[in-house]
Engineer: 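Quick one: the structure is below, questions incoming.
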Amino acid sequence: MNQPTRHTPTVDAQLIERPQPGLLSIVVPCYNEESIIEATHARICSIAPQLDMNVEVLYIDDGSHDSTLKKLKNLASEDSRIAVIEFSRNFGQQAAMSAGLEMAQGDAVVIIDADLQDPPEVIIEMVAKWRTGVDVAYGRRKSRDGESTFKLITASLFYRFFARMMPYPVPVDTGDFKLCDRAVVNAVCALPEKRRYLRNLIPWAGFTHAPVDYDRDARTAGETKYSASRLFSLAADAVLLSSDKPIRYIWYLAALFASVGICGLITEATFSTKENLSLSTLLALLGFISAAQTAAIAIVGEYVVRCYREAQARPAFVIRKKLVAGNKAGTMLRDEDNTNNKRS
Ligand code: UDP
Ligand code: MG
């Protein structure tokens with residue numbers, strides 16, 4: 001389906017004014033991407049002339065331990081469209097993308113991974129969609145090269161589970177690769193919360209969304225930064241930062257146990273059985289009920305921890321240094337220190 005989806009079903013392109021040529025910001029979170037970052041920049045540069053927009057590229061170095069930052073600075077010294085934001089340590093991809101959104105000056109902003117799994121050529125179609133009046137043109141994965149069957153199945157199940165848990169529409173088979181209009185970026189950046197999961201927040205903001213289908217490539221260099229435990233904690237954030245449903249499910253669990261208790265009483269009264277339950281049956285019941293209660297407490301604890309983090313209000317990232325493209329046409333370059341660490 002290539003029609004705009006969500007709150008405003010159709011868009012009259014005549015009513016939407018997009019700046020001509022306008023500035024497109026491309027936000028690229030980078031963590032230990034020394035083996036590919038130069039190739040990534042070359043690919044982005046190769047499509048820039050076809051965009052009919054001025055372009056700035058914001059690379060956020062998320063505390064890399066390798067030569068990624070050095071390579072980015074070299075690229076920036078040769079290309080004034082580049083801005084480099086250097087974090088003081090690794091704060092995570094969500095923080096890096098949030099920093100990019102905050103620093104971006106563009107009329108539209110694209111978020112893309114640094115590893116070329118999301119082909120930069122797709123941005124041309126995203127810009128074309130944006131020009132027709134769509135506010136968020138999101139990449140939808142038709143296929144995913146280089147992923148194991150296990151990862152494909154778990155990812156597909158997770159997308160669908162996650163979409164059902166959200167109190168507002170969230171597209172499936174979609175990652176962070178998307179173009180957002182300035183109005184969407186402003187809405188998301190204005191949110192006060194520190195701990196962010198952008199795949200939630202951008203759909204939360206509303207506006208008109210439309211998919212751009214593409215084939216996701218395999219990583220050709222470097223390796224994924226997501227271990228199983230990191231993926232698990234990301235999945236927990238994905239659900240718990242935006243959905244109250246896990247708490248509702250605890251009520252269902254309580255109702256289930258109450259029903260079991262009532263059934264037991266009715267059986268006792270009706271058949272007045274004198275037999276005792278075997279020890280193993282009792283143990284099994286006890287184990288099941290204890291596990292369910294512990295899980296319920298843990299779920300509440302997960303929410304409490306997230307409340308505590310927000311109450312602490314620590315920034316989601318700390319910037320060591322910024323090397324920014326100086327103006328809207330991206331013709332100047334200047335160094336800035338870490339004066340603007342207002343979020344992450
Ligand atoms: N990334 C980041 N900080 C991190 C982990 C990842 O900025 O702590 C960047 C990474 O360099 C890449 C993007 O986020 O540009 C996606 O990471 P990765 O390719 O490892 O994720 P996958 O494609 O395996 O889901
Ligand atoms: Mg990747």
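When a ligand or atom number is given, it counts from 1 through the structure's own listing order. Sequential numbering from 1 along the given sequence is applied to the chain's residues. These numbers come from a predicted model, not from an experiment.
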Engineer: Do side-chain atoms of Arg144 reach the backbone of Arg141 as a donor and acceptor pair under 3.5 angstrom?
Structural biologist: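 Looks like no, no N/O pair under 3.5 Å.
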Engineer: Tell me, please, if Gln117 has any N/O/S atom, main chain or side chain, under 2.8 Å from the Mg ion (ligand 2)?
Structural biologist: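 Checking the Mg ion (ligand 2) against Gln117, an N, O or S atom does fall under 2.8 Å.
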Engineer: Among Arg219, Arg216, Lys178, Arg43, whose salt bridge (charged side-chain N to carboxylate O under 4.0 Å, His left out) with Asp113 holds?
Structural biologist: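 Among Arg219, Arg216, Lys178, Arg43, the one that satisfies the salt bridge (charged side-chain N to carboxylate O under 4.0 Å, His left out) with Asp113 is Arg216.
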Engineer: Check the angle between the aromatic planes of His209 and Tyr138 and answer parallel, tilted or perpendicular using the 30° and 60° thresholds.
Structural biologist: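 The rings of His209 and Tyr138 sit tilted, inter-plane angle from 30° to 60°.
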Engineer: Just checking, is any N or O donor in the side chain of His65 or Asn90 under 3.5 Å from an acceptor N or O on the other one?
Structural biologist: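 No, no side-chain donor-acceptor contact under 3.5 Å.
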Engineer: If you count only heavy atoms, which residues are under 4.0 Å from ligand 1?
Structural biologist: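 Under the 4.0 Å cut-off, ligand 1 touches Pro29, Cys30, Tyr31, Glu33, Asp62, Asn90, Gly92, Gln93, Asp113, Ala114, Asp115, Gln117, Arg216, Arg219, Thr224, Lys225, Tyr226, Arg230.
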Engineer: I'd like to know if the Mg ion (ligand 2) has an N/O/S atom from Asp113 within less than 2.8 Å of it, counting both backbone and side-chain atoms.
Structural biologist: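 No, Asp113 does not qualify, because none of its backbone or side-chain N, O or S atoms lies under 2.8 Å.
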Engineer: I'd like a table of donor-acceptor pairs (distance under 3.5 Å, sequence neighbours excluded) in which one partner is a side-chain atom from residues 284-295, with atom names and distances.
Structural biologist:
residue: Ser290; atom: OG; partner: Leu286; partner atom: O; Å: 2.7
residue: Thr294; atom: OG1; partner: Ser290; partner atom: O; Å: 2.7

Engineer: Taking the six-membered ring for Trp, is the centroid-to-centroid distance between Tyr252 and Tyr249 below 6.0 Å?
Structural biologist: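 Yes, the ring centres sit under 6.0 Å apart.
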Engineer: Verify, without hydrogens or angle tests, whether Arg182 (side chain) and Gly106 (backbone) share a donor-acceptor contact under 3.5 angstrom.
Structural biologist: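 Yes, Arg182 side chain to Gly106 backbone: donor-acceptor pair under 3.5 Å.
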Engineer: Between the Mg ion (ligand 2) and Asp115, which N, O or S atom of the residue is the nearest one?
Structural biologist: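 Looking at Asp115, the N, O or S atom with the least distance to the Mg ion (ligand 2) is OD2.
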